[in-house]
J.: 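Can you read through this structure? Questions will come right after.
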Amino acid sequence: MKILVTGGAGFIGSNFILYWLKRHPEDEVVNLDVLTYAGNLLNLKEVENQQNYRFVKGDITDTAAVTEAMRGVETVVHFAAESHVDRSILEPAAFVKTNVLGTQVLLDAALKLGVKRFHHISTDEVFGSLELGSDQKFNEETPYRPCSPYSASKAGSDMLVRAYAHTYGLPVTISNCSNNYGPFQFPEKLIPLMLMNALADQPLPVYGDGLNVRDWIYVEDHCRAIELILAAGRIGETYCVGGHSEMANIDVVKELLKTLGKPERLIRFVKDRPGHDRRYAIDDQKIRDELGYRPAHTFEEGLRATIDWYRENEEWVRQVMDKEYQQYYQQQYGEKGPV
Ligand code: NAD
Ligand code: DAU
């Protein structure tokens, strides 16, 4: 089978390509990625010379580039997106362009070229925010209530995917997953950012009161869920995917410091994110019952593996924490980032 992965040089996309090629060496993978600040070909060094892997530099909003990359492809797995909520608050336009328009360009090409499966990677953030302390969880029936420019653009992309299925009969599946962490995650997101700061003995900037809750999934478990959906997911269906590790941000940060043997006095409470969603939680009974999904990693195991990976990959860390990163850090946090 020939698969087109979009955004395969990013965090989850690159983990997915490495995972897929290990488990399906008979398949051919084409990786279409424009290489924004978040895309990094170092992530794919292990497979870059393999016959069954090909990288194509291109933008998903460019019809010609997309059509060329999708030729002969049976399955599309669509990760490419602007993915960071804080950046979407600073500059929303790129999120609408890539996440909404880019998805529509891909859907059009998939329809024209007769792709057999279009799998769209989405997020639990499209459902909005849950009450702290309630036992509510998101599931496939939860109405969409996106609250940030990022989640609104992802919700728009999900709606387009559903519309192409309903109107034109495009064979699609969608997954809405919770917060991923693991190797190759750009250090703008909570876990790698706090890890980099802690290793440099710099303050750890916790937004607001630190009580916002997220459900954490080790990235390999997300890859496994996508594999299960591609193998046996029902066409036209949505699957919610969770990590079964709901935690307040402050507890994530404390666990990280404990694992590293660093003091809690490094924690600094800072101004809250505007419109900060309070709590996300996933009820993933559908994918558990239909496809036998279970996350294989506890948060403690996943965190330890993540810390080990960042410690062992200093070159990767040095490369991504470049001038652009320092500028972003200064703009977002009003001070210099760790060097
Ligand atoms: P990421 O920011 O690490 O990677 C995004 C990748 O997309 C990068 O390689 C980037 O170069 C590429 N890209 C961006 N714009 C592009 C364009 N116009 N054309 C081609 N390529 C482009 O993101 P991630 O964290 O790996 O997330 C991947 C997907 O998973 C996204 O769709 C995101 O919404 C979704 N998701 C992420 C999480 C999470 O916790 N990170 C959770 C659920 C869902
Ligand atoms: O839920 C899935 C989503 O998870 C994905 O769709 C997004 O692509 C991904 O970025 C992530 O969104 P979050 O906003 O939840 O992730 P982030 O790592 O940015 O923040 C996690 C929590 O930590 C959130 O409550 C904000 C808080 N936070 C984050 C940063 C970067 C801080 O307190 N301080 C920080 O410096």
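Only this structure's heavy atoms are used, side chains among them; waters, hydrogens and symmetry mates stay out.
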J.: Using the six-membered ring wherever Trp is involved, compare the ring planes of Y329 and Y325 and label them parallel, tilted or perpendicular (cut-offs 30° and 60°).
T.: tilted
J.: Grab the two heavy atoms, one from P183 and one from Y218, that are nearest each other, plus how far apart they are.
T.: CD-OH, 3.6 Å
J.: Does K154 pair with E125 as a salt bridge, N-O distance under 4.0 Å?
T.: no
J.: Backbone N or O of S245 within a donor-acceptor pair of the D215 side chain at under 3.5 Å?
T.: yes
J.: Do the non-hydrogen side-chain atoms of L199 and L260 ever get within less than 4.5 Å of each other?
T.: yes
J.: So, for I60 and T98, which heavy atoms are closest and what is the spacing to 0.1 Å?
T.: CD1-O, 3.5 Å
J.: Heavy-atom count check: over 12 atoms from other residues, nucleotides or ligands less than 6.0 Å from Q51 CD?
T.: no
J.: Evaluate the side-chain proximity of P205 to L193: yes if any heavy-atom separation is below 4.5 Å, no if none is.
T.: yes
J.: Would you check if the side chain of E140 reaches a backbone N or O of C240 as a donor-acceptor pair within less than 3.5 Å?
T.: yes
J.: Measuring from atom CG of D277 to atom SG of C147, what distance do you get when rounded to the nearest 0.5 angstrom?
T.: 4.5 Å
J.: Under the criterion side chain to side chain donor-acceptor pair (under 3.5 Å), I'd like the reasoning laid out for D158 against Y144: C-alpha separation, chi angles, the key distance, then a yes or no.
T.: CA-CA 10 Å; D158 293 14; Y144 275 35; 2.8 Å; yes
J.: May I ask you to decide if F16's main-chain N or O and E220's side chain share a donor-acceptor pair within less than 3.5 Å?
T.: no
J.: Give a yes or no on whether E141 atom CD has more than 12 heavy-atom contacts from other residues, nucleotides or ligands under 6.0 Å away.
T.: no
J.: Between H119 and T75, is the side chain to side chain donor-acceptor pair (under 3.5 Å) condition met? List the steps.
T.: CA-CA 8 Å; H119 182 69; T75 298; over 6 Å; no
J.: Could you check Y310, W309, F11 and say which one makes a ring-ring contact (aromatic ring centres under 6.0 Å, His included) with F184?
T.: W309
J.: CG of L111 to CG of L106: how many Å apart, nearest 0.5 Å?
T.: 12.5 Å
J.: Do T238 and K286 have side-chain atoms, one donor and one acceptor, less than 3.5 Å apart?
T.: no
J.: Within the distance-only criterion (no hydrogens, no angle test), does the side chain of R279 pair as donor or acceptor with the backbone N or O of Q136 below 3.5 angstrom?
T.: yes
J.: Nearest 0.5 Å please: distance from the CD1 atom of I229 over to the CD atom of E237.
T.: 10.5 Å
J.: Hey, are E227 and R224 close enough for a salt bridge, meaning a charged N less than 4.0 Å from a carboxylate O?
T.: yes
J.: Can a donor-acceptor pair be found, under 3.5 Å and without considering hydrogens, that links the side chain of N197 to the backbone of L204?
T.: no
J.: So does E48 pair up with K45, basic N to acidic O under 4.0 Å?
T.: yes
J.: Would you call the rings of H222 and F79 parallel, tilted or perpendicular, where under 30° means parallel and over 60° means perpendicular?
T.: perpendicular
J.: Decide whether a cation-pi geometry holds between R87 and Y37; the criteria are a distance under 6.0 Å from NZ or CZ to the six-membered ring centre and an angle within 45° of the ring axis.
T.: yes
J.: Provide the closest heavy-atom pair for D124 versus I282 in the form atom of the first, atom of the second, distance.
T.: CB-CD1, 3.6 Å
J.: Check whether any side-chain N or O of N43 sits under 3.5 Å from a backbone N or O of N15 as a donor-acceptor pair, and report yes or no.
T.: no
J.: Return the OH to CG distance between Y53 and L18, rounded to the nearest 0.5 Å.
T.: 8.5 Å
J.: Under 3.5 Å, is there a donor-acceptor pair between the side chain of D86 and the main chain of I89?
T.: no
J.: Answer yes or no: is there a side-chain heavy-atom contact under 4.5 Å between T63 and D108?
T.: no
J.: Strictly below 4.0 Å, N to O, side chains only: are E246 and K137 in salt-bridge contact?
T.: yes
J.: Would you mind reporting whether N139 and Q285 have side-chain heavy atoms less than 4.5 Å apart?
T.: no
J.: Does the N180 side chain pair with the main chain of S178, one donor and one acceptor, at a distance under 3.5 Å?
T.: yes
J.: Does the pair D209/R278 count as a salt bridge with the N-to-O cut at 4.0 Å?
T.: yes
J.: Testing the basics here: between A109 and T67, what is the closest heavy-atom pair and its distance to 0.1 Å?
T.: CB-OG1, 4.4 Å
J.: Would you sort out whether Y293 and D221 count as a side chain to side chain donor-acceptor pair (under 3.5 Å), showing the intermediate values?
T.: CA-CA 9 Å; Y293 166 77; D221 286 326; 5.3 Å; no
J.: What class does the angle between the rings of Y164 and Y168 fall in, given that below 30° is parallel, 30 to 60° is tilted and above 60° is perpendicular?
T.: tilted
J.: Which atom pair, heavy atoms only, marks the closest approach of A248 to L211?
T.: CB-O, 4.0 Å
J.: About how many Å separate CD1 of I226 and SG of C177, when rounded to the nearest 0.5 Å?
T.: 7.5 Å
J.: With a 4.5 Å cut-off on side-chain heavy atoms, are V100 and L160 touching?
T.: yes
J.: Sub-3.5 Å donor-acceptor pair from the side chain of Y239 to the main-chain atoms of R234, do we have one?
T.: yes
J.: Where the side chain of N176 meets the backbone of T123, is there a donor-acceptor pair that is under 3.5 Å apart?
T.: yes
J.: Between Y333 and Y207, how do the two ring planes meet: parallel, tilted or perpendicular, split at 30° and 60°?
T.: parallel
J.: Provide the closest heavy-atom pair for K262 versus A198 in the form atom of the first, atom of the second, distance.
T.: CE-O, 3.4 Å
J.: In this structure, are over 12 heavy atoms from other groups packed under 6.0 Å from K97 atom NZ?
T.: no
J.: Determine, stepwise, if the pair R117 / T173 fulfils side chain to side chain donor-acceptor pair (under 3.5 Å).
T.: CA-CA 8 Å; R117 171 76 74 90; T173 40; 3.1 Å; yes
J.: Salt bridge or not for K22 and E46, using N-O below 4.0 Å?
T.: yes
J.: Do Y328 and L90 come within less than 4.5 Å of each other through their side chains, counting heavy atoms only?
T.: yes
J.: Would you give the length of the straight line joining atom CG of L21 to atom CD of E28, rounded to the nearest 0.5 angstrom?
T.: 10.0 Å
